[in-house]
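Structure, as C-alpha cells:
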Amino acid sequence: MSASQIREIVLAGENDTLNLGARFAQHISPPLIIWLVGDLGAGKTTFTRGLLNALGHHGAVKSPTYNIVETYPFSGFHLHHFDLYRFQSPEEWLDAGLDELITADSIVLIEWPQLGGDLAPSADIILNITANSSGRTVQMSAATANGTHILDKITE
C-alpha cells in the first residue's frame, strides 16, 4: 500500500466519530467492503451508527456481536454490519453463510475482520480506530482503486 493511500485523522470524541461515518455515507455505494479494526470500545459501532443515520436509518444501531450480522435495507442496496468478535475459528465465516450476503448490491462493514482469516473478503477500505485520552485516531487505508477514490473524496 503506498503512502498516498493512507490517511490519518484525529477525532475529539463521539460526535466527531458519528460525523466521520456521515461523511462516508455521502461518498459510498455498492459494492464496497470496509474493515473496522480496533479494540473494544474504540468506536467501530459509533462510526457505523453515524454512517447508517446519514443514510436515513432512524432505528437503533447496535454491535451485532451475538447475531454476527445486522442487515439494513436501503433503496437499491443492503448494508450488512458484521461483527466477528465471537469467532473461535475462521471456518465460522462459512458456517454462518456470510459469503451469501456479499453481492454487487451490498455494502459490508466488518468488525474484527482478522478473526475471519482468509475466508473474510478483502477490504476496499480499512479503518483502524484507536482510542486514546484525547479521543480517537483513525488511520484510513485504501486497498483498492475504489477505496482510494472514496478516501480522496472524504479527505478533500
Side-chain angles (χ1 to χ4, degrees), residues 1 5-9 11 14 17-18 20-132 136-151 154:
M1 203 173 306
Q5 294 175 293
I6 299 172
R7 283 55 167 218
E8 185 171 287
I9 60 173
L11 306 173
E14 183 174 350
T17 306
L18 292 167
L20 179 62
R23 281 179 26 212
F24 266 78
Q26 296 171 5
H27 302 289
I28 61 174
S29 61
L32 181 67
I33 297 173
I34 300 174
W35 284 7
L36 301 173
V37 179
D39 292 335
L40 287 172
K44 300 178 298 292
T45 300
T46 301
F47 168 85
T48 301
R49 185 172 62 242
L51 188 149
L52 286 166
N53 288 343
L55 288 173
H57 175 75
H58 299 294
V61 176
K62 57 187 168 85
S63 181
T65 302
Y66 295 101
N67 297 341
I68 301 174
V69 64
E70 292 287 338
T71 296
Y72 302 89
F74 293 97
S75 178
F77 70 97
H78 287 87
L79 188 143
H80 304 290
H81 181 199
F82 298 169
D83 187 333
L84 310 184
Y85 180 74
R86 294 181 30 173
F87 274 24
Q88 298 298 308
S89 72
E91 288 72 28
E92 291 183 59
W93 177 274
L94 298 173
D95 295 342
L98 299 179
D99 275 340
E100 296 173 17
L101 298 175
I102 300 171
T103 64
D105 63 348
S106 65
I107 294 173
V108 178
L109 306 178
I110 306 174
E111 295 189 29
W112 303 94
Q114 68 276 17
L115 297 178
D118 291 339
L119 298 175
S122 299
D124 294 295
I125 296 172
I126 301 168
L127 299 184
N128 193 333
I129 307 171
T130 306
N132 54 51
R136 296 177 172 110
T137 300
V138 181
Q139 185 178 68
M140 301 181 289
S141 306
T144 65
N146 186 35
T148 299
H149 176 75
I150 292 166
L151 291 185
I154 290 168

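In this chain, numbering begins with 1 at the start of the sequence shown.
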Subject >> Non-hydrogen atoms of Ala123 and Ala143 that approach each other most closely >> reply: O-CB, 3.1 Å

**OP:** Taking all non-hydrogen atoms of both residues into account, name the closest pair between His80 and His78 and its distance.
**Re:** NE2-CB, 3.7 Å

Original post:
Is there a donor-acceptor contact under 3.5 Å linking the side chains of Thr137 and Asn132?
Top reply: yes

Original post:
Does the Asp124 side chain pair with the main chain of Ile33, one donor and one acceptor, at a distance under 3.5 Å?
Top reply: yes

Original post:
Looking at the rings of Phe82 and Trp93, which for Trp means the six-membered one, are their centres under 6.0 Å apart?
Top reply: yes

Pair up each side-chain donor or acceptor in residues 102-122 with any protein partner under 3.5 Å, not counting sequence neighbours, and list the distances.
{"from": "Thr103", "atom 1": "OG1", "to": "Asp105", "atom 2": "N", "distance (Å)": "3.4"}
{"from": "Thr103", "atom 1": "OG1", "to": "Asp105", "atom 2": "OD1", "distance (Å)": "2.5"}
{"from": "Ser106", "atom 1": "OG", "to": "Leu101", "atom 2": "O", "distance (Å)": "3.3"}
{"from": "Ser106", "atom 1": "OG", "to": "Thr103", "atom 2": "N", "distance (Å)": "2.9"}
{"from": "Ser106", "atom 1": "OG", "to": "Thr103", "atom 2": "O", "distance (Å)": "2.9"}
{"from": "Glu111", "atom 1": "OE2", "to": "Thr45", "atom 2": "OG1", "distance (Å)": "2.8"}
{"from": "Glu111", "atom 1": "OE2", "to": "His81", "atom 2": "NE2", "distance (Å)": "2.7"}

**OP:** Grab the two heavy atoms, one from Leu36 and one from Lys44, that are nearest each other, plus how far apart they are.
**Re:** O-CD, 3.3 Å

**OP:** Only counting residues at least two apart or in another chain, list the ones meeting side-chain hydrogen bond (donor to acceptor under 3.5 Å, both in side chains) with Thr130.
**Re:** none

Show which side-chain atoms of residues 83-91 pair as donor or acceptor with protein atoms under 3.5 Å away, not counting sequence neighbours.
{"from": "Asp83", "atom 1": "OD1", "to": "Tyr85", "atom 2": "N", "distance (Å)": "2.9"}
{"from": "Asp83", "atom 1": "OD2", "to": "Ser63", "atom 2": "OG", "distance (Å)": "2.6"}
{"from": "Asp83", "atom 1": "OD2", "to": "Thr65", "atom 2": "OG1", "distance (Å)": "2.9"}
{"from": "Gln88", "atom 1": "NE2", "to": "Arg86", "atom 2": "O", "distance (Å)": "3.4"}
{"from": "Ser89", "atom 1": "OG", "to": "Glu91", "atom 2": "OE1", "distance (Å)": "3.2"}

**OP:** Nearest 0.5 Å please: distance from the CZ atom of Arg23 over to the CZ atom of Phe47.
**Re:** 10.0 Å

Subject >> Spacing of Leu151 atom CG and Arg7 atom CZ [to the nearest 0.5 Å] >> reply: 5.0 Å

Subject >> More than 12 heavy atoms of other groups within 6.0 Å of His27 NE2 >> reply: yes

**OP:** Please examine the side chains of Val138 and Asn128, heavy atoms only from C-beta on, and report whether any two atoms are closer than 4.5 Å.
**Re:** no

Original post:
What's the spacing between Ile28 CD1 and Leu55 CG if we round to 0.5 Å?
Top reply: 5.5 Å

Original post:
About how many Å separate OG1 of Thr17 and CD1 of Ile129, when rounded to the nearest 0.5 Å?
Top reply: 7.0 Å

Original post:
Of all heavy-atom pairs between Leu127 and Met140, which one has the smallest distance, and what is that distance?
Top reply: CD2-CG, 3.2 Å

Original post:
Ignoring hydrogens and geometry, is there a side-chain-to-backbone donor-acceptor pair from Arg136 to Ala42 under 3.5 Å?
Top reply: yes

**OP:** First locate atom CG of Leu79, then atom CG of Leu51, and finally report the distance between them rounded to the nearest 0.5 Å.
**Re:** 6.5 Å

Original post:
Which value, rounded to the nearest 0.5 Å, describes the distance between Ile150 atom CD1 and Phe24 atom CZ?
Top reply: 7.5 Å

